[in-house]
Amino acid sequence: MQNGNVFSSLKDKVVIVTGGTRGIGFETVQAFLAQGSKVALFGSREETVAQALEKLAVINPSYTVRGYHPDLSNPEEIEKTVSEIKREFGGIDVLINNAGVSDNCSIYDYERDHFNDVMTINLRSVFEMSKAVAPIMRDKKKGVILNTSSMVSLYAQRIGSAYPTSKFAVNGLTKSLARELGKDGIRVNAVAPGIIETDMVAALDQNTVKSLASGIPLQILGKPQDIANAFLFLASDMSSYITGAVISVDGGFVG
Ligand code: NAD
């Protein structure tokens with residue numbers, strides 16, 4: 001029987017959050033910091049990373065958080081940054097692969113580079129980050145890798161096929177790595193958010209959002225905190241017997 005804070009195992013853990021500057025990622029960074037974790041916050045640009053760090057310093061100046069902006073399409077930069085974090089923090093306990101880009105391009109209009117760009121950030125970077133971090137976790141015989149999938153990894157979407165394709169593949173990668181890394185004490189899971197109120201959703205056509213919302217049994221859009229809560233659970237020892245799972249956090253959306 002657990003007493004007190006159910007997430008106490010997260011205190012002093014070193015957590016990487018990619019796409020940590022805003023939306024789901026920023027909320028996740030705050031949620032882990034509030035549990036006493038130490039966070040390596042990744043963003044795509046130095047400027048947005050600095051802004052996120054400034055906001056966090058206002059919320060709580062004693063948070064332990066550092067910012068990084070490696071090019072997630074460059075495996076060498078990823079390796080270098082992960083080594084730097086290991087040196088600076090003394091290890092890496094949790095990796096949250098959250099950076100992602102959406103896509104609403106019709107197949108008639110696709111330029112090949114655009115399809116590749118979506119796959120590079122949403123899928124390839126998840127593989128490369130996991131590849132860089134897994135040996136560090138193996139040395140400790142313990143670690144957690146969490147991926148941000150999407151409800152479209154179950155239902156696809158009407159237009160913008162690279163996005164669901166990438167997220168279906170993220171589920172496959174999650175389950176494959178869970179099977180491969182379980183023997184090394186590394187758990188790998190994904191969270192599949194429904195429609196969450198972030199900039200990504202604000203950029204979508206509002207009629208599309210309305211028609212999607214009508215399929216949600218709980219009849220409300222999700223909040224970034226809902227996804228952060230799932231990450232806290234999956235990173236903590238409360239989920240120590242869960243691996244290879246894709247957990248839907250979508251208000252019960254049924255396609
Ligand atoms: P967002 O656009 O607010 O944030 C995306 C984050 O990814 C940002 O921090 C950005 O810096 C980072 N990022 C984007 N391109 C990058 C690049 N090239 N290099 C490095 N970082 C990059 O979006 P969000 O809604 O918070 O999405 C976060 C994750 O959740 C994504 O993986 C997204 O696919 C997934 N998701 C979101 C929703 C939703 O409704 N918002 C639903 C399902 C899944």
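Counting convention: from 1, in listed order, for ligands and their atoms alike. Position 1 is the first residue of the sequence, and the numbers go up from there.
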| query | Can you tell me if D250 uses its side chain to pair, donor with acceptor, with the backbone of G252 under 3.5 Å? | reply | yes
| query | Is the NZ or CZ atom of K13 both under 6.0 Å from the centre of the six-membered ring of F32 and within 45° of that ring's axis? | reply | no
| field | Sole residue of I145, V144, L95 in side chain to side chain contact (heavy atoms under 4.5 Å, CB included) with I186 | value | I145
| message | Between ligand 1 and S102, can you find any atom pair, the residue atom being a heavy atom, that is separated by under 4.0 Å? | response | no
| remark: Numbered in order shown, the ligand 1 atoms found under 4.0 Å of a heavy atom of I24 are 26 (O), 30 (O), 37 (C)
| Honestly, is R187 close enough over Y241, meaning NZ or CZ under 6.0 Å from the six-membered ring centre and within 45° of the axis? | no
| Residue portion contacting ligand 1 (non-hydrogen atoms closer than 4.0 Å) for L72 | side chain
| task | Would you mind running through ligand 1 and noting each atom that sits below 4.0 Å from a heavy atom of G19? | result | 6 (C), 7 (O), 8 (C), 9 (O), 12 (C)
| query | Below 4.0 Å from any atom of ligand 1, is there a heavy atom belonging to S149? | reply | yes
| query | Does F26 come within less than 4.0 Å of ligand 1, judged by its heavy atoms? | reply | no
| query | At the 4.0 Å heavy-atom cut-off, does K167 count as touching ligand 1? | reply | yes
| remark: Under 4.0 Å between heavy atoms, the region of N122 that gets near ligand 1 turns out to be neither
| said: Closer than 4.0 Å to some heavy atom of I196 - which atoms of ligand 1 meet that? | reply: 39 (C), 40 (O), 41 (N)
